[in-house]
Amino acid sequence: MNGEISNSSDTQERLYKMLEKLQNLARDIPPKFQQRLPYDLLSSLANCLLDNTSFEIMQELAELQHMTEKILHKQHAQMINKHKTERDNLIKCHKEELTAAERQGKTHVLSRLPRLHQDQLAELNTRHAQETDNTHLFIQNVLDQKVEEQQSTLQQARVPGFHVTSNPMEIKVQMYIMGFIMVIGGIKIPH
C-alpha cells in the first residue's frame with residue numbers, strides 16, 4: 001500500500017512538471033494561438049505524455065516526414081536540372097544553327113533563325129512553367145496527405161488536440177503541440 005502511495009505521488013509530481021513545461025512552451029507562442037491551448041488541453045496533454053508512447057510516435061512521424069521531404073526535394077531538384085539541361089541544349093543547338101548558316105552564307109536562313117529560336121525558347125519556357133506548376137501541385141498534395149496521416153495517427157493514439165482538419169489555424173495549433181512534444185521528448189529532426 002505504501003508503494004502505491006509513493007508511486008502515485010511520483011506520478012502526480014511528474015504530471016505537474018510536465019504541465020509546467022507545456023505551459024512555459026505555450027507562453028512562447030503568439031497570443032492568438034495561446035488562446036487555443038486552454039489549461040484543460042495542456043493538462044490532458046501532460047497526462048498523455050507521462051507515457052513514452054507519444055514521444056515514440058512523434059519520433060517516427062518526424063522521420064517519415066523528413067524522408068518524404070527529402071524525396072520531394074530530390075524530385076524537384078531533378079526537374080530543375082532537367083529544365084536547365086534542356087534549355088542549355090536548345091541554346092547550344094541555336095548557336096550551332098546560326099554558325100552553320102553563317103559559314104554556308106545562307107543569309108535568308110540566317111535572317112529567319114532568330115525569330116524561330118525565340119519561338120522555340122518561348123515554347124520550352126511555357127512547357128517548363130507547366131511542369132513546374134504540376135510538380136509544385138504534386139508536392140503540395142503529398143505534404144497535405146502527410147499532414148492528414150499525422151493528424152489521424154495522433155488522433156488514434158489519443159493525443160489531445162489532434163483530429164483530421166484542413167483548417168489552417170487548427171493545423172498551426174497542432175504544429176505547436178507537435179513542437180512541444182518534440183522539445184519535451186528531446187526529439188531531433190533528422191538532417
Side-chain angles (χ1 to χ4, degrees), residues 7 10-85 128 130-191:
N7 194 16
D10 287 348
T11 301
Q12 198 64 31
E13 182 66 27
R14 286 179 49 230
L15 179 61
Y16 287 140
K17 286 182 179 179
M18 188 71 70
L19 180 57
E20 185 179 358
K21 288 178 185 177
L22 288 168
Q23 287 174 320
N24 287 337
L25 289 168
R27 282 187 197 102
D28 292 338
I29 66 174
K32 71 179 181 179
F33 297 108
Q34 286 180 25
Q35 297 168 6
R36 295 179 173 265
L37 293 170
Y39 178 84
D40 291 350
L41 176 64
L42 293 177
S43 180
S44 295
L45 184 58
N47 196 40
C48 175
L49 295 180
L50 291 178
D51 173 12
N52 284 338
T53 305
S54 297
F55 298 122
E56 292 166 6
I57 292 170
M58 192 59 63
Q59 179 69 49
E60 288 178 27
L61 291 176
E63 289 170 5
L64 286 171
Q65 176 83 19
H66 178 69
M67 270 191 333
T68 300
E69 289 173 358
K70 206 170 171 178
I71 290 167
L72 293 173
H73 178 74
K74 184 178 179 182
Q75 289 174 348
H76 188 263
Q78 287 172 339
M79 178 202 62
I80 289 172
N81 288 337
K82 178 184 139 226
H83 287 179
K84 183 182 180 330
T85 300
H128 284 176
Q130 185 62 50
E131 286 178 12
T132 299
D133 288 346
N134 290 344
T135 299
H136 289 166
L137 186 60
F138 171 76
I139 289 170
Q140 184 63 50
N141 288 337
V142 169
L143 293 175
D144 286 347
Q145 182 181 357
K146 191 59 61 185
V147 167
E148 193 173 305
E149 288 170 12
Q150 291 170 349
Q151 291 170 333
S152 178
T153 298
L154 292 167
Q155 180 182 18
Q156 289 171 16
R158 301 198 184 290
V159 177
F162 285 91
H163 59 280
V164 176
T165 181
S166 59
N167 179 310
M169 179 69 94
E170 291 179 20
I171 290 172
K172 187 69 176 169
V173 170
Q174 290 176 347
M175 288 171 64
Y176 281 121
I177 294 171
M178 290 172 85
F180 297 167
I181 295 169
M182 292 178 77
V183 167
I184 292 171
I187 300 167
K188 304 286 186 223
I189 298 175
H191 294 290

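Just so you know, residue 1 is the first one in the sequence shown, and it goes up from there.
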Please round to the nearest 0.5 Å and tell me the distance separating atom [atom1] of [X] and atom [atom2] of [Y].
X   : Y    : atom1 : atom2 : value
R36 : I29  : CZ    : CD1   : 11.0 Å
L45 : Q23  : CG    : CD    : 11.5 Å
L61 : K146 : CG    : NZ    : 8.5 Å
L15 : S43  : CG    : OG    : 6.0 Å
M79 : K74  : CE    : NZ    : 15.5 Å
I71 : Q75  : CD1   : CD    : 7.5 Å

What pair of heavy atoms forms the shortest contact from [X] to [Y], and how long is it?
X    : Y    : value
D28  : Q34  : N-NE2, 4.5 Å
L49  : S54  : CD2-CB, 3.7 Å
A46  : L22  : N-CD1, 3.4 Å
E69  : L143 : CG-CD2, 4.3 Å
M182 : A62  : CE-CB, 3.9 Å

Has [X] got a side-chain atom pairing as donor or acceptor with [Y]'s backbone, closer than 3.5 angstrom?
X    : Y    : answer
T85  : N81  : yes
Q174 : Q151 : no
N52  : F55  : no
R14  : L50  : yes

Quick one, [X] and [Y] - any side-chain contact, counting heavy atoms below 4.5 Å?
X    : Y    : value
L37  : I177 : yes
V183 : K21  : no
Q150 : L64  : no
L19  : N47  : no
Q59  : E63  : yes
T132 : H83  : yes

Query raised in the report: So, N167 versus T165: side-chain donor-acceptor pair below 3.5 Å or not?
Result: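 Looking only at side-chain atoms, T165 and N167 do not form any donor-acceptor pair under 3.5 Å.
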* Asked: Is it the case that N141 and Q145 place a side-chain donor and acceptor less than 3.5 Å from each other?
  ->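 Checked: N141/Q145 side chains show no N/O donor-acceptor pair below 3.5 Å.
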*Name the one of Q156, Q155, E149 that satisfies side chain to side chain donor-acceptor pair (under 3.5 Å) with S152?*
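Exactly one option meets the side chain to side chain donor-acceptor pair (under 3.5 Å) with S152, and it is Q156.
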Margin query: With a 4.0 Å cut-off on N to O distance, would you call E131 and K82 a salt bridge?
Written below: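 Result for this pair is yes, salt bridge flagged.
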More than 12 foreign heavy atoms under 6.0 Å from [atom1] of [X]: is that the case here?
X    : atom1 : answer
M169 : CE    : yes
E20  : CD    : no
H136 : NE2   : yes

Mind jotting down which residue pairs meet the ring pair (Phe, Tyr, Trp, His ring centres under 6.0 Å) criterion with at least one end in residues 10-36? Sequence neighbours excluded, please.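 Applying ring pair (Phe, Tyr, Trp, His ring centres under 6.0 Å) to every pair that reaches into residues 10-36, excluding sequence neighbours, yields F33-Y176.
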